[in-house]
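Worksheet for the structure shown next.
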There are 2 protein chains.
Amino acid sequence: MNIGKASKNCGLPSKTIRYYEEIGLVQPLRGANGYRDYSETDVHQLKFLQRARRLGFSIEECRDLLSLYQDTGRASADVKALTEAKLSEVDKKIAELQALKTTLSRLAEACQGNERPDCPIIDDLAGGPR
Amino acid sequence: MNIGKASKNCGLPSKTIRYYEEIGLVQPLRGANGYRDYSETDVHQLKFLQRARRLGFSIEECRDLLSLYQDTGRASADVKALTEAKLSEVDKKIAELQALKTTLSRLAEACQGNERPDCPIIDDLAGGPR
DNA sequence: GCTTGACCTTCCCGTGACTGGAAGCTTTAC
DNA sequence: GTAAAGCTTCCAGTCACGGGAAGGTCAAGC
């Protein structure tokens, strides 16, 4: 099938699919007219990539997952390890954002938000008293 | 003072300081030898930028904050609005990451992590039964 | 005066993961 | 027959810098 149909079937924009081919993730056959010709297997792999990316795996991690996916003899431990590493990254990011949220909330609460120029947020940014 | 000293004083790498000049954030004078010459005011503004960036404000938001900082007649409400917008962005990102965490945890728990090839994580990515 | 090394300058390329757009094919629909 | 849709490649841009090359400047030591 052409790239347009493949795009509809896997949920990725054509541009992204071409990009994935360029970096060697999913390489379709070509028709006599030079058009890309995607098999069902190709589309499965594109769907796979779409889900993995949505779960926050990087392209390089996706490449690993895809080769594990294709390797029917893989150990499930390998996949689990990748997932758990990603999980701890997510935890770390959440913690950072929570800290950021605390700081911003404190600043916003301290600020009157009126027409006057006094602003604890600006003062804090300027390095004023904590 | 030269860029190296300014860098030490504000906590930003020289590369970043040059970049901020390039995009019109903080533009120092130049000495006869062509070296950048940072005033105390410049360094204050660089420090301000460093803190705001650390709090997750984008460069364009920093530009706004900086002009509010420089405008001693600003209304604190303007600053508060910017902060609260950023706060709700942070909230949204946290919620997304929490959802992601739930999915990843569920997958990791379902996976035995042994030498056998059965892997619910791969199955899920491949579009298997939910 | 000379050398050494630290510091400064500009310029260009690379990052990650695409996205937009231009110029030019092919195919499809009416 | 023609117009529109869809496909191709290629180039440039995104964001916020970082790395590194090639070359100018400055301060210290001999």
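Side-chain atoms are counted along with the backbone in the values below, which use heavy atoms only and exclude waters and symmetry mates. So that the names make sense, note that chain A is the first sequence line, chain B the second, and so on, each numbered from 1. All values reported here derive from a predicted model rather than from experimental measurement.
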side-chain N/O B:Arg54 vs D:dA16 OP1/OP2, d < 4.0 Å: no
B:Ile23 backbone acceptor or donor facing B:Arg63 side chain under 3.5 Å: yes
A:Arg30 CZ to D:dT9 C1', straight-line distance once rounded to whole Å: 10 Å
Of residues 14-28 of chain A, the positions that come close to DNA chain C - non-hydrogen atoms, cut-off under 4.0 Å: A:Lys15, A:Thr16, A:Tyr19, A:Tyr20
Closest approach of A:Leu100 to B:Arg54 (non-hydrogen atoms, all atoms of both residues): CD1-O, 4.5 Å
Whole-Å gap separating C1' (D:dA27) and NZ (B:Lys5): 16 Å
Side-chain donor/acceptor of A:Asn2 to backbone N/O of A:Gly4, under 3.5 Å: no
Pair B:Leu107-A:Leu55, side chain to side chain contact (heavy atoms under 4.5 Å, CB included): steps then yes or no: CA-CA 11 Å; B:Leu107 288 174; A:Leu55 285 183; 4.2 Å; yes
Between C1' of D:dT25 and CG of B:Asp37, the distance in whole Å: 15 Å
Contact summary for A:Ile17 and A:Leu12, nearest pair of heavy atoms: CD1-O, 3.8 Å
Backbone N/O of A:Phe57 and side chain of A:Arg53: donor-acceptor pair under 3.5 Å: yes
Close residues, residues 56-65 of chain B, relative to DNA chain D [heavy-atom separation under 4.0 Å]: B:Ser58, B:Ile59
Partner residues of B:Tyr38 under the ring pair (Phe, Tyr, Trp, His ring centres under 6.0 Å) criterion, sequence neighbours left out: none
Any pair counted as side chain to side chain donor-acceptor pair (under 3.5 Å), so long as it reaches residues 6-15 of chain B, sequence neighbours left out: none
B:Lys86 with B:Glu89: basic N within carboxylate O range, under 4.0 Å: yes
Salt-bridge present (B:Asp37, B:Arg30; N to O < 4.0 Å): no
Protein and nucleotides 3-6 of chain D: nitrogen or oxygen contacts under 3.5 angstrom:
unit_1, atom_1, unit_2, atom_2, d
D:dG6, N2, A:Tyr35, OH, 2.9

Smallest separation among heavy atoms of B:Leu46 and B:Tyr20, with atom names: CD2-CD1, 4.2 Å
For B:Gln45 against B:Leu25, the heavy-atom pair lying closest together: OE1-O, 4.4 Å
D:dC26 phosphate, OP1 or OP2, under 4.0 Å from B:Asn33 side-chain N/O: yes
A:Ser39 side chain to A:Asp42 side chain, donor-acceptor N/O pair below 3.5 angstrom: yes
Interface limits on DNA chain C, where chain A has a heavy atom under 4.0 Å of a nucleotide atom: C:dA17 to C:dT27
